[in-house]
Amino acid sequence: MAASNETMLKKPHVGKKRKPPTRYWEGTEKDGKNDGKKQKEGDNNEQTPQQNKTRTKEGGKRGVAGGKRGVAGGKRGVAGGKRGVAGGKRGVAGGKRGKRAGGKRGGAGEKVISGKLDPFPGSALVPEEKLKKFKRGVKGELPPRPQYKLRDVVIRSEAASDLAQKQNARYDLMLPEDAGFLEGDKDEDTCNISQDDIADAVDITAGAKYFSLTLSQFGPYRLDYSKTGRHLLLGGRRGHVTCLDWQSKQLMCEMNVMETVNDVKWLHSEALFAVAQKKWLYIYDNKGIELHCIRKFNDVLRMQFLPYHFLLATASATGFLQYLDVSVGKEVVAICTKAGRLDVMAHNPHNGIIHLGHSNGTVTLWTPNQREPVVKMLCHQGGVRSVAVDKTGTYMVTSGMDKKLKVYDIRSYRPLQSYFLPAGASCLSLSQRGLLSAATGDIVQVYRDVWGTPVTKPYMAHRAKGSVWGVHFCPFEDVLGVGHGEGFTSMVVPGAGEPNFDGLDANPYRSAKQRQEWEVKALLEKIQPELIGLDPSQLSQVDHSTWEQRHEDRVQVLGFDPLAKEKFTPRLKTKGRSSSGKVEKRKKQVAHEDQRDVIRQTVEDRMKIDKERKEKEKKEAAAAGQKSALDRFRK
Amino acid sequence: MAKSKATRKSGETMKMTSSREMVVQGMDDEDDEELQRALADDNISASEDEGGSDDERKHCKLLEAISSLGGKKRKKLTERSEASIQVSEFTVNAEGEGDKINLSDLIGTLDKTPSALIKTKKQLKNLQHNQSTLETPLTRKETEKIQREVAFEKTSKEVSRWQSVVLQNQKAEQLVFPLNQEPSGPKRIEQVVAGWKAQTPLEQEIFSLLRMNKQPLHDPVLTPTEEASLRAMSLEEAKIRRAELQKTRVLQSYYEAKAKREKKIKSKKYHRVQKKVMRKEYLKQFDEMVKTDPAAALEELKKMELSRMKERMSLKHQNSGKWAKSKAIMAKYDDGARKAMQIQLEVNKDLTQKLVIPADEDEEDEEESAETLPDFVNDVEPILDQVNPWMRGKLSTEPMMQEESNRLDPPVWPREVGKPGEGWDDQEEDEEQMEETEEESLLRGFEERRKLRQTEDVEVAPMSMEENDDEKKAEILDISDDDEEAVEISDGEEAVEISDGEEAVEISDDEEAGLSNFTSLFHGLVKNHMEPPADQPKASPGAGQEESPALLEEGLVRVRTLEDVELLSQDISASDTALLTTQTPGTEETDTQSATQQADKKRKRKKMIDPNEVLTKEAKVIEMPLAPTAIEDVEDKEEQRIIIKEAFAGDDVISDFLKDKRKQEEAGRPKVIDLTLPGWGEWGGLGLQPSRSKRKRFRVKVAPPPPRQDQKLPNIIIAEKRDSSIAAHQVCQLPFPFENPTQFERTIRSPVGHTWNTQNTVQKITAPKVVTQLGAIIEPIAREDLIKNNRQAVTRPSINLESDQGPQKKRCSQQKKKHKRKRN
């Protein structure tokens with residue numbers, strides 16, 4: 001079990017460099033865009049370049065001090081720069097204070113005590129797209145004036161949410177890192193670039209991320225990266241379990257559990273991990289000490305950990321889906337899925353729903369709150385081999401026995417793309433930036449943007465030594481871990497990881513003290529399993545059925561509906577014009593007023609769309625076909 | 001009156017005596033006698049006095065006479081020292097007790113004092129008027145009540161002054177106590193310097209030097225006026241502003257009222273006159289405008305032209321109205337009416353006169369067309385006549401066809417017409433179809449289909465050009481040769497099916513036959529002309545050769561049943577294993593369908609979602625740079641076989657899933673409640689069923705449930721069961737000001753916590769409602785504060801959600817706010 005002897009680090013060849021390394025983050029289009037922006041704002045910037053510079057600097061400082069956090073990933077504050085070229089991008093965003101804010105002060109600008117005029121009075125403008133990014137819900141109409149208290153409350157909350165949106169958009173500037181990708185030369189496919197070439201081309205630290213561990217004794221390996229991406233857990237089918245700090249290659253523990261290992265999973269931190277062994281589920285600490293043997297969880301095949309709920313979801317060979325609350329150590333629920341052996345599992349990081357794949361080609365979605373699947377989707381004609389869900393909870397990728405790879409939009413449950421892979425994909429994994437890795441036999445392929453334009457070729461490909469058993473993207477790193485029959489390989493996949501991490505949520509560089517503090521906070525913010533549902537925003541909605549019941553009761557007590565609209569009673573007109581017929585007519589005129597508005601609106605919209613479509617088609621037709629001589633006889 | 005005097009006198013004496021008696025009563029009886037004597041004495045003395053007073057009176061009279069001699073009458077009241085019978089206040093003396101007083105005596109005195117008379121008269125009158133008695137004073141309770149009321153009014157007036165302050169404080173987002181704190185944050189230098197005093201001897205010396213040299217000690221950068229302007233708007237200004245606003249508002253309301261009033265006037269004459277006036281004014285203005293601003297005038301002119309055109313379009317001035325008709329009758333006899341008619345006619349003439357339009361544009365158009373179109377086109381006159389059916393739509397070249405169709409009212413489209421149409425897009429055709437009449441479209445549909453069929457027989461590939469969908473193209477291109485054969489076969493089969501097998505399927509190369517068929521068909525149509533337009537696209541292509549009634553009676557044919565799906569998918573999955581093509585069974589199926597010449601029919605159907613169409617998305621092949629070389633063990637062979645079997649058990653999978661879905665749908669549907677009871681009006685017993693009418697009557701139908709979420713998603717089952725676990729965490733009772741859930745949901749739509757917001761935002765959003773200074777005494781708000789509040793708005797620190805700048809900016813924006821408040 002001296003794995004350290006077996007580990008063989010592939011050292012990058014620093015010496016020979018054939019061509020200047022093209023860094024993936026040096027995206028050409030990005031730069032072009034920025035140039036365009038710069039030109040646009042040129043007239044503003046020209047006047048006072050100095051001032052702009054100082055302003056941007058201020059902004060930067062403020063942002064770092066603020067330490068803002070955002071919604072699950074992407075919008076969270078920067079605690080430390082990982083890689084990338086922040087400087088160039090920061091320069092741009094500063095110059096966006098062209099327009100004058102004040103209406104009255106208008107042209108003159110404000111006078112400073114030194115006597116100079118502020119050429120850009122008011123706060124900087126926030127670009128529209130960014131505002132859109134942080135938009136939450138829709139603004140409605142204000143309640144009428146007589147309800148002034150309600151009006152006040154609504155106005156105030158609206159102002160607050162506007163402020164929040166604006167500030168978030170403003171501080172989004174603080175997330176300047178962007179992922180770049182490999183770009184081949186002319187007539188060169190990126191998938192033909194070998195890992196060795198990449199490792200050669202990149203700097204030493206990045207090149208060191210390509211390595212492989214030769215562990216041929218204990219069979220195919222499953223793996224898991226911790227949430228921060230620092231630690232790696234490997235579980236060999238024949239009982240070999242090891243965890244290590246993969247970047248420093250420091251071994252934390254290594255052991256053989258002398259039993260079949262079905263799956264391994266880190267729990268909330270790198271201090272604990274769960275191993276699904278032949279019979280029971282075991283929990284070890286990072287020293288390899290067995291902490292628990294959970295007898296309630298037997299024959300577990302696959303596991304998923306919901307980090308914000310502190311739930312370990314397990315799928316067993318007996319068809320049970322079980323949830324273990326690791327913060328209190330209790331089983332939350334055990335659901336009999338009645339779908340046979342469950343060996344395909346994924347979880348939706350957006351809403352905490354568990355996806356199970358079955359041998360009859362269906363994928364079922366589960367919450368701990370319902371005994372039946374929330375949604376059942378027929379995805380494949382053969383059995384489902386693997387499922388992966390995108391970080392934002394928008395896309396699901398499945399692969400099946402029918403050798404197909406399908407992409408679904410799991411908000412509307414509609415298929416987006418369907419690919420045919422000659423050998424089918426056994427393991428799928430999605431990176432934080434939306435790269436898809438699919439393992440077919442001993443080949444690991446990585447695809448870019450599978451849900452957008454249909455892809456015909458993989459972005460990268462790599463042949464592993466044995467048949468692949470598990471693939472996993474490392475969070476916050478451009479690394480793909482591959483567990484196979486001959487051990488483990490860590491691939492460099494440019495553009496895979498999220499470059500901006502949230503220091504308060506998952507900080508790869510955190511100290512032990514920080515980890516402890518984070519643990520306490522995370523436990524305090526733990527989300528209860530009852531809140532898992534298809535729509536995570538449901539919590540911010542009023543419980544309608546109960547409210548309606550209450551309202552009905554109230555109506556009964558009061559004898560009238562306080563919320564009912566006032567019934568229209570036509571005014572009495574003199575001179576014999578209030579005959580019953582005319583009164584009815586007048587009543588009809590105002591009947592369903594609001595409904596009519598809606599209908600009118602929809603009809604108008606439809607007309608507009610139709611018109612646009614027709615125009616477009618006409619244009620296309622004009623572009624496509626020559627004008628025929630007979631066209632003029634047509635209507 | 002004299003009598004009354006007398007009685008009074010006696011009364012007086014009586015009183016006197018009685019009073020004396022009363023006084024005496026308390027005394028001893030012994031003294032009684034003495035008293036009697038004394039009284040008797042008294043009486044005697046009185047009589048003696050009378051004798052003496054006679055002289056006195058004479059003396060008085062004498063004096064009076066003397067005084068009267070001296071010109072002016074002097075009224076002199078006699079002095080009266082003590083109560084006596086002779087002397088009365090009215091200067092009436094009763095001389096001799098027995099004498100009666102005459103009326104004249106009394107009147108005589110009146111003459112002497114006329115003012116007194118008037119006075120008394122007045123008094124008498126007053127007395128006569130005020131006959132009511134004085135009211136009794138109010139009870140204590142009532143007086144207290146009144147006092148309380150008055151006091152209440154006073155205090156409420158006093159208290160109501162606080163009303164605005166209280167309301168403001170209630171509304172305020174944040175209250176900072178103690179009040180009147182010095183604003184924290186940096187101050188202007190001048191402010192700091194102004195408060196500073198020279199203390200040390202050095203400073204004092206310097207200051208004295210400065211003073212001696214008349215240097216400015218406190219040199220504010222801002223002048224007092226500037227400072228004042230920086231401060232909030234003063235009360236006077238605000239008042240002026242308010243008055244202005246009020247005035248404008250009042251004026252507006254006046255104007256509105258006036259307009260309303262005028263609008264209500266029904267008199268036509270009034271309006272006519274009004275219009276006339278307006279027109280005159282307008283013309284005047286226009287004339288002026290021509291001089292001053294020609295561009296605007298031109299625009300006005302355009303507007304006028306437009307209105308003229310509008311009027312021209314209308315029936316005005318056509319002498320067809322009620323008025324005109326009546327005038328026409330009167331015109332014979334009435335000169336005025338005739339004139340009016342004449343005027344109207346003139347106006348009409350003016351309006352209907354065609355204006356000469358510059359012909360530039362038309363020429364240009366023609367030039368263009370000449371450029372783009374070949375010459376032979378110009379042979380036909382390019383006039384689009386709406387009446388002549390031959391001139392709208394496509395050009396016909398066959399004279400024979402024309403003759404034939406001349407017999408019919410609506411035009412028949414010759415088949416050659418379609419040929420250029422092949423190049424056209426489908427959308428255009430669709431548009432045309434929309435505009436065409438029903439018959440036309442139907443006929444043309446037949447035509448097209450027949451044509452399609454012809455081309456189809458030659459080869460399949462060109463047919464694909466018909467379809468606009470890229471998808472389809474790709475599919476068909478993908479099909480291998482074998483597939484094509486299969487397609488053709490199935491094609492033939494379906495055609496046979498549809499044409500009922502009665503008539504042999506003749507693929508008409510012969511045009512004549514086809515045309516005659518058409519005409520006969522059309523005749524039938526004209527006779528019947530009752531077919532629904534929806535049937536048109538559904539009519540099968542083979543029907544062109546059939547007799548029309550059969551065609552019209554043909555209903556919808558289900559092209560693909562569930563069983564078909566299963567069967568087909570089975571077949572094709574089998575073939576799939578052999579071929580390893582990229583198509584899924586579903587797509588294969590669609591291919592075969594697409595090959596059956598029902599291009600447009602399919603297009604129509606494509607728009608709707610077929611609930612049975614499961615897993616039909618076509619797959620894209622991905623090239624792999626590296627071929628997998630994983631060596632499967634020999635033991636795995638068996639496993640592999642199972643796997644393959646599993647993989648291609650697709651048909652079962654689909655049907656199972658559909659069955660499952662149907663079951664779920666069934667379970668969700670509410671059941672019909674049967675309330676029939678045996679017996680009750682009919683025989684009941686073993687083996688007897690209640691009658692059908694009864695069963696029908698007692699069956700309670702339940703309203704259908706709302707449509708399922710997965711109604712339009714064929715390969716999805718969404719559980720309809722409500723998940724109530726989250727309900728415990730949701731809000732079910734709305735807090736006070738909210739009335740309906742949407743309002744409340746709107747206010748909680750954006751999260752508050754640190755996780756989703758910047759630090760600043762969180763602090764601002766979650767600022768406490770009341771802020772107190774630690775250790776400071778919070779005193780109640782004083783009257784001075786109130787006055788100050790009223791004078792310079794309110795100095796409460798509001799949470800400023802707009803700006804995110806430093807304190808200085810904040811202050812600035814606060815001031816702005818103040819301005820706003822004042823102005824409002």
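Just the heavy atoms: all of them, side chains too, but no hydrogens, waters or symmetry mates, feed the values below. These numbers were taken from a predicted model, which means no experiment stands behind them. Chain letters run A, B, ... following the sequence lines, proteins first, then strands; residues in each count from 1.
In this structure, chain B has a heavy atom under 4.5 Å from the backbone of A:S412, while its side chain stays farther away. For a residue to count as touching a neighbouring chain, one of its non-hydrogen atoms must lie under 4.5 Å from one of that chain's; by this rule A:H551 does not touch chain B. A:V154 touches chain B through backbone and side chain together, each having a heavy atom under 4.5 Å away. Within the 4.5 angstrom heavy-atom criterion, only side-chain atoms of B:F744, from C-beta onward, approach chain A. Neither the backbone nor the side chain of B:D710 comes within contact range of chain A, judged by heavy atoms closer than 4.5 Å. Using a 4.5 Å cut-off between heavy atoms, A:Q538 touches chain B through backbone and side chain atoms alike. Contact annotation for A:N369: both backbone and side-chain heavy atoms come within less than 4.5 Å of a heavy atom of chain B. Neither the backbone nor the side chain of A:L365 has a heavy atom closer than 4.5 Å to any heavy atom of chain B. If you measure heavy-atom distances from A:Q370 to chain B, the contacts under 4.5 Å come from the side chain alone. Only the side chain of A:L563 comes within less than 4.5 Å of a heavy atom in chain B; its backbone stays farther off. With a 4.5 Å cut-off on non-hydrogen atoms, A:P373 touches chain B through its backbone but not through its side chain. Contact of A:V363 with chain B is not made at all, since no heavy-atom distance falls under 4.5 Å. For A:E548, no part lies near chain B; criterion is any non-hydrogen pair under 4.5 Å.
Interface remark: of the candidates B:D660, B:V762, B:T761, B:T761 forms the most heavy-atom pairs closer than 4.5 Å to chain A. Ranked by heavy-atom pairs under 4.5 Å with chain A, the list B:P741, B:A719, B:A727 is led by B:P741. Highest contact tally toward chain B, considering only A:S540, A:P454, A:G361, A:G140, is held by A:G140 [criterion: heavy-atom pairs under 4.5 Å].
Between the side chains of A:E530 and B:H729, at least one donor-acceptor pair of N or O atoms lies under 3.5 Å.
Between the A:R136 side chain and the B:R749 main chain, no donor and acceptor come within less than 3.5 Å of each other. Of the possible donor and acceptor atoms, one in the side chain of B:E745 sits under 3.5 Å from a partner among the backbone N and O of A:V542. Counting only distance, with no hydrogens or angles, the side chain of A:N168 and the backbone of B:W756 share a donor-acceptor pair below 3.5 Å.
The pair B:D656-A:K376 fails the salt-bridge criterion, with no side-chain N (NZ, NE, NH1 or NH2) lying under 4.0 Å from an Asp/Glu carboxylate O.
Closest non-hydrogen pair, B:L713 versus A:Y413, comes out as CD2-O, 4.1 Å. The nearest pair of heavy atoms linking A:K149 to B:F736 is CD-CE2, 3.7 Å.
How far CD of A:E372 is from CD of B:Q664: 6.0 Å, rounded to the nearest 0.5 Å.
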